[in-house]
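Presented below is the structure to which this report refers.
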There are 2 protein chains.
Amino acid sequence: MSEKEQKKATIYDLSVVSGASPSTVSAVLNGTWRKRRISEETADKIMTLAKAHRYTANLQARGLRSSRSGLTGLLLPVYDTRFFSSMAQTFEAKARQRGLVPMVVSGRRDPEEERQTVESLIAYSIDSLFVAGATDPDGVHQVCLRAGVPHVNIDLPGKYAPSIISDNRQGAEMLTSAIIRHAEGMGPLAPEDVCLFGGRDDHASRDRVLGFHAVKQSIFGDDVPKDDIETTGYSPGMTALAFERFYEKHGRLPRCFFVNSSINFEGLLRFMGRHDGEAFGDIVVGCFDYDPFGSFLPFPVYMIKPNVSEMLDRGFDLLGEDALPEIIMIEPQLVLPRTALEGPLDAIKDPTPA
Amino acid sequence: MSEKEQKKATIYDLSVVSGASPSTVSAVLNGTWRKRRISEETADKIMTLAKAHRYTANLQARGLRSSRSGLTGLLLPVYDTRFFSSMAQTFEAKARQRGLVPMVVSGRRDPEEERQTVESLIAYSIDSLFVAGATDPDGVHQVCLRAGVPHVNIDLPGKYAPSIISDNRQGAEMLTSAIIRHAEGMGPLAPEDVCLFGGRDDHASRDRVLGFHAVKQSIFGDDVPKDDIETTGYSPGMTALAFERFYEKHGRLPRCFFVNSSINFEGLLRFMGRHDGEAFGDIVVGCFDYDPFGSFLPFPVYMIKPNVSEMLDRGFDLLGEDALPEIIMIEPQLVLPRTALEGPLDAIKDPTPA
DNA sequence: TTGAAAGCGCTAACAA
DNA sequence: TTGTTAGCGCTTTCAA
């Protein structure tokens, strides 16, 4: 309670106490003073004064005047999965490294909401936008284009802006062979024992299905049934239903299956909550997404971890020039069952516990 | 690609095309026109024009002029746990319901970084701030106070601002009795079979330890050893080490233990990754925090789920008046093993999968 | 090496 | 019922 709420100091206040003009103060405080050939002496004096008066720039005013806000946006579908929350964490760190302030928002997989949410960012004059896993990246693109906001797509590609995505095809192949190999080690496997749950009609899901089928074919030959896919959207509830249906029909879950995202994986949890171990005794599961707790469930779970850090770095690189709408693929990582990877949490220095 | 990047329309553009003055346009577009007694007719015309020209207000300018930015901040320690990511998700929804734009940032449990991060929000003139789980809430308070930013503490209390926290004492009691009851069902239990891992010297941990000991005492009597606590900080690595140490010494993990947060729980995962089932055969675990995947690990896991929605609602209520620095406790929920609760993800309408 | 002055887009008295 | 005007705090020519 030591200091009172005082009006924030402005460059005019510092101009008065320093005897310099507001424009000089401004230049000193925003770092352009060297090239404005202001004497080291004046600069020092002003900076000292600024510190003493706890001056911090009003970034709204700066942004209004200079039409560069210093804000960079990240549009997520949802926060509440390990994939997207670690993306938010990593994004924030990388933005701040670059002297930008991150604004993370969620579009909740609704094209209209995505556009509106982005409009709200643009209303604050964000300088750039990362569009991650958008349901309608091209709709978002239109909005950005009108406002002249440079943007890149992450994880799910769009047609009109550069896209940096996981190599879904290759990841799906790694994952599919891993789970099949594991399941085969537990007894002979038929093609109909190997299924895929989740996903929808988007770029990522299509590539994953391609990879999944390619591997099945290479193992079981050409006569694999094509009805081994249960498309459920990205909804835990729908995915749980799909598992229930399969269970009704076959009296158990498939011995070996691929789940298309951690959100679909939550559908499996719901199924598990309603059934005991018999329903899913010796299954082997693959999940396209990594969740540390998911990796330790009571059956083997292979996971694919997208390389978020790399994707974001490439994204920041591409924002500078207005790049072509090409698609850049980043190799994801196969994570073996019962693996607790280190993450952004490990980078933080926790104060001493005692 | 249909529309080109055009300069954003301003109230002056609309003033020209509508024939009304800029201030009239302004009043119409910011909703104050009724009380400025502007005719419905004029208002309609301007609104139509605004729509046609895709006008959206420049919120930096509005904020600069009116000194209300429409931004509300949420300071988190980290994004990357289910507790905080679902808080971010819920916060965003509640902020938008109230016509505010959320800015979520992470202070990474570093007092200095917390203050700096909040300064960066204040530089954009946020109207209010939620301080969740801060390591140094009172340091953040000072920063907010100087800038006149109303703020509340969530989850971890501060001395100078209103705090809305989980009832940690009561939650710990629920959790402790649940795991002890469960473990007793599997065979007789001695006081030294029941331990607590994680946490540090903060308000939440202290209350949890209190609740933990109270229940142990009520069950085992007064002679419970007080060396049943392993304080590790909020770090997966440190917590894993604590489990290793215990294992070295006793050849197995305690039969029944309380883990102080999902971050500490990740330390258990790391331990599990390095040992096979014998090391933790028939353990019963309680975790103060809920994670759906954690609930389905291969041993019984009881979890406590804080009531985030309620905490945030109360927080928004308290921001209006400048409230006293009281502590409001919200009852958390005990979640039984193998429970997949619905969450923010279920509220979202997923587009049809096909 | 520095200062004066205009203006970013908006709001809010005060006039009319 | 509407318009005029000043200015939020800053940057940026242009002039000195």
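These numbers come from the heavy atoms of this one structure, side chains and all, not from hydrogens, waters or symmetry mates. Numbers restart at 1 for each chain; the letters A, B, ... are given by sequence-line order, proteins then strands. Being a predicted model, the structure only gives us computed values, none of them experimental.
Regarding Gln60(A), its CD atom lies at a distance of 10 Å from the C1' atom of dC8(D), rounded to whole Å. In this structure, the NZ atom of Lys8(A) is 11 Å from the C1' atom of dG9(D), given to the nearest Å. For Asn58(B) and dC8(D), the CG to P distance is 18 Å, given to the nearest whole Å. Atom CZ of Arg65(B) is separated from atom P of dC8(D) by 8 Å (rounded to the nearest Å). Straight-line distance from the CD1 atom of Ile11(B) to the P atom of dT4(D): 13 Å, rounded to whole Å. In this structure, the CZ atom of Arg68(A) is 11 Å from the P atom of dT12(D), given to the nearest Å.
Contact annotation for Arg37(A): base contact, defined as any heavy-atom pair under 4.0 Å involving a base atom. No contact: Ser67(B) has no heavy atom under 4.0 Å from any strand.
Near DNA chain C, meaning a heavy atom under 4.0 Å from it, residues 21-35 of chain A has Ser21(A), Ser23(A), Thr24(A) in order of number. The stretch residues 46-53 of chain A does not touch DNA chain D, since none of its heavy atoms comes less than 4.0 Å from the strand.
If you check dC10(D), dG3(D), dC8(D) against the side chain of Leu64(B), the one that comes closest is dC8(D).
For Phe130(B), the ring-ring contact (aromatic ring centres under 6.0 Å, His included) partners are Phe91(B), Phe316(B), not counting sequence neighbours. Residues satisfying the side-chain contact (heavy atoms from CB on, under 4.5 Å) test with Val16(B), not counting sequence neighbours, are none. In terms of the salt bridge (charged side-chain N to carboxylate O under 4.0 Å, His left out) criterion, residue partners of Glu112(B) (sequence neighbours excluded) are, by chain and number, Arg115(B). Taking the side-chain contact (heavy atoms from CB on, under 4.5 Å) definition, one finds that Asn58(A) meets it with Gln60(A), Ala61(A), Leu64(B), Ser125(B), sequence neighbours left out. Residues forming a salt bridge (charged side-chain N to carboxylate O under 4.0 Å, His left out) with Arg62(A) (at least two apart in sequence, or on another chain): none.
A donor-acceptor contact under 3.5 angstrom links the side chains of Thr72(A) and Ser128(A), judged on distance only. Side chains of Thr42(B) and Ser39(B): a donor-acceptor N/O pair is present below 3.5 angstrom, by distance only. Side-chain contact, Ser23(B) with Ser26(B): no donor N or O sits under 3.5 Å from an acceptor N or O. Side-chain atoms of Asp202(A) and Tyr234(A) form a donor-acceptor pair, as typed in the model, at a separation below 3.5 Å.
Classification of the Tyr79(B)-Tyr79(A) ring pair by plane angle, with boundaries at 30° and 60°, yields parallel.
In summary, of the residues considered (Leu129(B), Leu319(B), Ile328(B)), a side chain to side chain contact (heavy atoms under 4.5 Å, CB included) with Val152(B) occurs for Leu319(B) alone.
The list of salt bridge (charged side-chain N to carboxylate O under 4.0 Å, His left out) pairs with a residue in residues 66-80 of chain A, not counting sequence neighbours, reads Arg68(A)-Asp127(A), Asp80(A)-Arg82(B). Each salt bridge (charged side-chain N to carboxylate O under 4.0 Å, His left out) pair with one or both residues in residues 95-105 of chain B, not counting sequence neighbours, appears once here: Glu92(B)-Arg96(B), Arg98(B)-Asp313(B).
You can see that DNA chain C meets the heavy atoms of chain A within a 4.0 Å-exclusive cut from dT1(C) to dG9(C), reading 5' to 3'.
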Please list, for nucleotides 14-16 of chain D, all pairs of protein and nucleotide N/O atoms separated by less than 3.5 Å.
none

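Considering only side-chain N and O atoms, Tyr124(B) lies nowhere under 4.0 angstrom from the phosphate OP1 or OP2 of dC10(D).
Taking the screw axis at each terminus of the helix from dT1(C)-dA16(D) to dA16(C)-dT1(D) from five consecutive base pairs, the angle between the two is 40° to within rounding of 10 degrees.
Within the 4.5 Å cutoff, the side chain of Val104(A) has heavy atoms near those of the Leu76(A) side chain. At least one side-chain heavy atom of Val25(A) sits less than 4.5 Å from a side-chain heavy atom of Ile46(A).
Taking a cutoff of 4.0 Å between a charged side-chain nitrogen and a carboxylate oxygen, Arg34(A) and Glu40(A) qualify as a salt bridge.
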